[in-house]
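Encoded as structure tokens, the structure appears first; notes follow it.
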There are 4 protein chains.
Amino acid sequence: MAGSLNKVCLIGNLGQDPEIRRTQGGNAVANFSVATSESWRDRNTGEKKEKTDWHNVVVWNEGLAKVCEQYLRKGSKVYIEGKLQTRKWQDQGGADRYTTEVILQFDAKLIMLSGREDSAGDSRRDDRGSGRDEGQRRGGNTRGNDNSGGYGGGGSGGNFSRDLDDDIPFEMPWR
Amino acid sequence: MAGSLNKVCLIGNLGQDPEIRRTQGGNAVANFSVATSESWRDRNTGEKKEKTDWHNVVVWNEGLAKVCEQYLRKGSKVYIEGKLQTRKWQDQGGADRYTTEVILQFDAKLIMLSGREDSAGDSRRDDRGSGRDEGQRRGGNTRGNDNSGGYGGGGSGGNFSRDLDDDIPFEMPWR
Amino acid sequence: MAGSLNKVCLIGNLGQDPEIRRTQGGNAVANFSVATSESWRDRNTGEKKEKTDWHNVVVWNEGLAKVCEQYLRKGSKVYIEGKLQTRKWQDQGGADRYTTEVILQFDAKLIMLSGREDSAGDSRRDDRGSGRDEGQRRGGNTRGNDNSGGYGGGGSGGNFSRDLDDDIPFEMPWR
Amino acid sequence: MAGSLNKVCLIGNLGQDPEIRRTQGGNAVANFSVATSESWRDRNTGEKKEKTDWHNVVVWNEGLAKVCEQYLRKGSKVYIEGKLQTRKWQDQGGADRYTTEVILQFDAKLIMLSGREDSAGDSRRDDRGSGRDEGQRRGGNTRGNDNSGGYGGGGSGGNFSRDLDDDIPFEMPWR
DNA sequence: TTTT
DNA sequence: TTTT
């Protein structure tokens, strides 16, 4: 259907270190969950209440996935902009099951809101025992990338900046 | 967690007429699903592809639910702004299952994008055999509401307009 | 500053036909204004009030600008997603002046919400005397583009579809 | 016009401490500017470029304005969700001038993204000589508010939490 | 200047 | 299950 919009915006904290997988084509994909929560005061009892929601995030975007691998950790606060997608699968009994995820693929955005100290700028960070395959993580991250903070869903190459078109000035020549 | 954001924005079409339920407290709740889709051209074969996603929407907001009941129908195009929530339940075998929904409750927004002709301004619309309990729907909708189009998540009373505070001018007196 | 977000989302109607200009480099740029409005009931007098805001939109994106040229007209309803930008200029007296615009450039989105009948799918639409240079408009639009409705801020070539990467499956092979 | 959307979302840093004014009706209004920026690499020269945009924010919302007064300072990072509004005024020469601002009024949201240490939790913060009227600020802020972090555009009273309706359960009784 |  |  032409003319539709599917957008999810979250600000929350990672529940665990991102898990990085590779597709058969070799592309990096990152998985993690993000907690958001809301609090309110009960109208009747006056007591404070809080409810936390967990969101499964899947980063189907080579550049963004590498950023996740390198900079995000359990507890990191992020702004995430992606789309909602529900995927069907079969459980052991062969019954249909559905899982809804927030997909970062195209037009996606990820902004790191934690200070750099929360993230991992090098490979000597303390390992908090997440059980992740560290060998895999350490494989490809040695090249420096000083582009910290905000990432558009740029190209799939190593350059995460947005490569704005220089032919497009910020001033408008005819005015 | 203070300081989190949980927002979903959709523009899409309803897959069927909204279903209206009442809570035990008598509040209206509307349920419907919204389709969004994206299309692209396959890089290798050049053929056009399209993928549709379905989103379950639950309107936990008395005023907005009534608007849905009165104006939305199968095929209606809407802009929806709500939050993501996953709810746990048990299937017949007692196994945990999860369902993710887009909740319109507080700070929610619903804008009707179909022309009025697509919606139901009166009760004489053609029934497309949705199997819904028509008796319930026809119960409370006779009062006129000329507030068509956009609705903030206003009060739970019959007045859907936002009742802006008149003490707040649009000009700033000190400038 | 890494890690910032600048996003404007509007649903409104065009106040006039878009104006298309060309940069010296030959790129198309579209300008138009969009009206949004809100209505409320005065708390004291009970009378209905309405306030309309006008937003200047500048489409610095070859593909999107062509879509505007071809499909948008005075009165067209659109969803627009861009960024806020204030530009400095000098008035005749040499005094600094500032104009704030909604820029559609990268990561921008434009969804046509009016039916096709409101827009111009051919060149036989009635000309409402907008004074626009019709010669220019008619010049390059003859090639068919059946991609109606929603446009991401795709490439600057003639292909407005998003060219998703085929290496990226919608299923996740390891699960 | 029914059915319109006017939303601005920013993540950025305050350029100076917020200025708090009072309307003649006694309501607090906060003003500050927020910087967002984007960076990219020049296609031709390969050099890094950065552009910063400044946004004027006006908080026409008693509760939110007090939060700004109490917690935000020059440099604070915030997520802001408001609407775009252009206001007309006359310069000294009587010529019409326009200023565009991001208004936080209804449906507005402000999330503090800096750690608490950047903000002012008490009145003993260092004064960075902003020239603001300190007497006015110190006037009304002594009451404790432990509601740090995220604020919906709640009521105009002292309770900034959202007072969710207890009649609305998070589970759906009929399922 | 739009729209309902 | 929608829509183009």
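What you are looking at is a predicted structure, and each value in this text was computed from that prediction instead of being measured. Chain naming here is simple, since letters A, B, ... match the order of the sequence lines and numbering starts at 1 in each.
Evaluation of W54(C) against the base of dT2(E) yields no stacking contact (centre distance < 5.5 Å, interplanar angle < 30° required).
Here the C1' atom of nucleotide dT2(F) and the CG atom of N31(B) are 17 Å apart, to the nearest Å. The distance between atom CG of L113(C) and atom P of dT3(F), rounded to the nearest whole Å, is 16 Å. Distance, M112(C) CE to dT4(F) P: 12 Å, rounded to whole Å. Computed from coordinates, the L72(C) CG to dT3(E) C1' distance equals 15 Å when rounded to whole Å. When rounded to the nearest whole Å, the span between CD of E50(C) and P of dT4(E) equals 11 Å. In this structure, L14(B) places its CG atom 10 Å from P of dT3(F), rounding to the nearest Å. Here the P atom of nucleotide dT3(F) and the CG atom of N6(A) are 18 Å apart, to the nearest Å. We find that CD1 of I111(B) is positioned 20 Å from P of dT2(E), with the value rounded to whole Å.
Classification of E19(C) and R21(C) as a salt-bridged pair holds, one side-chain N sitting under 4.0 Å from a carboxylate O.
On a pure distance criterion of 3.5 Å, no polar donor-acceptor pair joins the side chain of S76(C) and the base of dT2(E). Below the 3.5 angstrom threshold, one finds a donor paired with an acceptor across the side chain of S33(C) and the base of dT1(E). Side chain T52(B) to base dT3(F): no donor-acceptor pair is found below 3.5 Å.
Residues that satisfy the side-chain contact (heavy atoms from CB on, under 4.5 Å) test with E81(C), not counting sequence neighbours, are L5(A), K7(A), E81(A), K7(C), C9(C), Y79(C), K109(C).
Using a 3.5 Å distance cut-off with no hydrogens or angles, the side chains of S4(A) and S37(B) do not pair a donor with an acceptor. A side-chain N or O of H55(B) and one of T36(B) form a donor-acceptor pair less than 3.5 Å apart.
Among the nucleotides dT4(E), dT1(F), dT3(F), the one closest to the side chain of N13(B) is dT3(F). Each of dT3(E), dT1(E), dT2(F) was ranked by its minimum atom distance to the side chain of Q16(C); first place goes to dT1(E). Relative to the side chain of K74(B), the nucleotides dT1(E), dT4(F), dT1(F) differ in distance, and dT1(F) lies closest.
Each of E62(C), E69(C), Q70(C) was evaluated against K66(C); a single residue qualifies, E62(C), per the side-chain hydrogen bond (donor to acceptor under 3.5 Å, both in side chains) test.
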